Amino acid sequence: MRTHTAVRFRAYPTEEQARQIDRTIGCARLVYNLMLETRIAHYQTTWESCYPTPALYKDTYPFLREVDSFALCNAQLALEKAYKRFFEDRKTGFPKYKSKRRGRKTYTTNLSHGNIELDDKARRLKLPKLGWLAVRQHKRIPDDWKLKSVTVEHYPSGRYTATILFEYETQIPEKVKPVKPVGLDYASHGLYVSSDGEHAEYPGYYRKMQDKLAREQCRLSHMVKGSANWHKQCKRVARLYEKTANQRRDYQHKKADRIVALYDMVGVEALSMKSMMRKPEPKPDPERQGHYLPNGRKARKRFG
């Protein structure tokens with residue numbers, strides 16, 4: 001059985017490599033928006049679907065030839081997936097244009113004829129149009145793992161990461177009878193409550209960082225938008241948010257690893273948070289016409 005695993009490494013590009021990464025991200029975003037605009041205009045004119053490709057725009061925008069072609073192809077696949085999700089479930093919404101200032105700044109490239117290579121000894125990653133990129137490799141990759149693709153991301157804090165997707169063969173685990181099972185229940189004031197009585201209290205990393213965030217955001221509000229100091233302060237605020245997210249993610253990973261090491265089977269209650277937050281529907285009183293039965297809504301609102 002083939003299994004895929006993604007490993008994320010911190011990347012340290014040079015100034016020229018950082019400019020090339022940002023240029024590739026911008027070109028992938030431009031191609032996505034152009035293809036979405038073409039599909040909308042063609043459907044409004046002919047009432048038929050069309051499937052444009054990145055090659056359609058390379059004559060109009062010659063700088064698209066200067067970036068990785070796989071990044072543009074993956075932008076096309078991302079648009080196809082967005083349309084597919086929309087037609088399968090209308091609640092996901094129609095595909096939207098990508099913004100330069102909102103959303104994640106990423107692009108994905110694929111392995112082809114040895115254009116991507118990971119050097120374990122030198123701790124560097126070879127990417128198309130970038131060459132060798134220095135990475136912090138915190139995990140040794142087994143020899144039987146096959147590299148499939150790489151996703152490069154530029155965070156608002158200014159940091160860069162390279163997420164590498166690997167494929168490897170694994171055996172299907174045999175079904176065994178669990179000896180030590182555990183159940184996890186939802187807790188509104190914590191992470192979970194186990195069947196053994198353990199309460200996983202959340203450390204509250206955001207609350208601890210709230211005063212520092214307020215101070216840095218107050219400084220940001222007094223700066224001229226678009227100035228050099230404003231951009232520097234935006235990165236300071238983004239680093240605080242990123243640190244909080246990393247602390248939360250690290251805490252969750254350690255908790256999950258501990259549960260997997262201690263128990264043979266884990267049962268989790270499937271809850272719909274939207275259904276829990278939904279207001280109760282009023283029920284008419286059969287004895288009094290025009291009146292409704294009490295459902296405890298006012299009591300929950302008063303004491304909740």
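Keep in mind that this is a model prediction, so the values were computed, not measured.
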Could you grab the distance from atom [atom1] of [X] to atom [atom2] of [Y], nearest 0.5 Å is fine?
X	Y	atom1	atom2	answer
Arg29	Thr106	CZ	OG1	10.0 Å
Ser194	Asp185	OG	CG	10.0 Å
His231	Leu220	NE2	CG	10.5 Å
Tyr97	Ile40	OH	CD1	4.0 Å
Asp68	Asn110	CG	CG	8.5 Å
Asp119	Leu125	CG	CG	10.0 Å

Is there side-chain contact between [X] and [Y], with at least one heavy-atom pair below 4.5 Å?
X	Y	answer
Val150	Thr108	no
Glu117	Trp132	yes
Thr3	Met1	yes
Tyr61	Cys27	no
Val67	Gln20	yes
Phe9	Arg123	no
Leu240	Glu216	yes

Any carboxylate oxygen within less than 4.0 angstrom of a Lys/Arg side-chain nitrogen, looking at [X] and [Y]?
X	Y	value
Lys105	Glu153	no
Glu16	Arg19	yes
Glu242	Arg239	no
Glu80	Arg39	yes
Asp250	Lys254	yes
Glu198	Arg258	yes
Asp59	Arg65	yes

Is it true that the NZ or CZ of Arg90 lies under 6.0 Å from the centre of Phe86's six-membered ring and within 45 degrees of the ring axis?
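Yes, a cation-pi geometry.
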Determine whether [X] and [Y] fall in the same hydrophobic cluster, where Ile, Leu, Val, Met, Phe, Trp and Tyr are linked whenever their side-chain heavy atoms lie under 4.5 Å apart.
X	Y	value
Tyr263	Val193	no
Tyr186	Tyr202	no
Leu130	Tyr155	no
Met35	Phe87	yes
Phe70	Leu34	no

Looking at [X] and [Y], what are the two nearest heavy atoms and their distance?
X	Y	value
Pro142	Arg140	CD-O, 3.6 Å
Cys218	Ser221	O-OG, 2.7 Å
Gln76	Pro54	OE1-CD, 3.2 Å
Lys255	Tyr192	CD-OH, 4.0 Å
Ser69	Lys58	CB-NZ, 4.5 Å
Thr38	Cys50	O-SG, 4.0 Å

Around [X], counting heavy atoms of other residues, nucleotides and ligands shown, do more than 12 lie under 6.0 Å from its [atom1]?
X	atom1	result
His138	NE2	yes
Glu15	CD	no
Arg104	CZ	no

Below 30° counts as parallel, above 60° as perpendicular, anything between as tilted: where do the rings of Tyr160 and His154 land?
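Parallel, since the angle between the ring planes stays under 30°.
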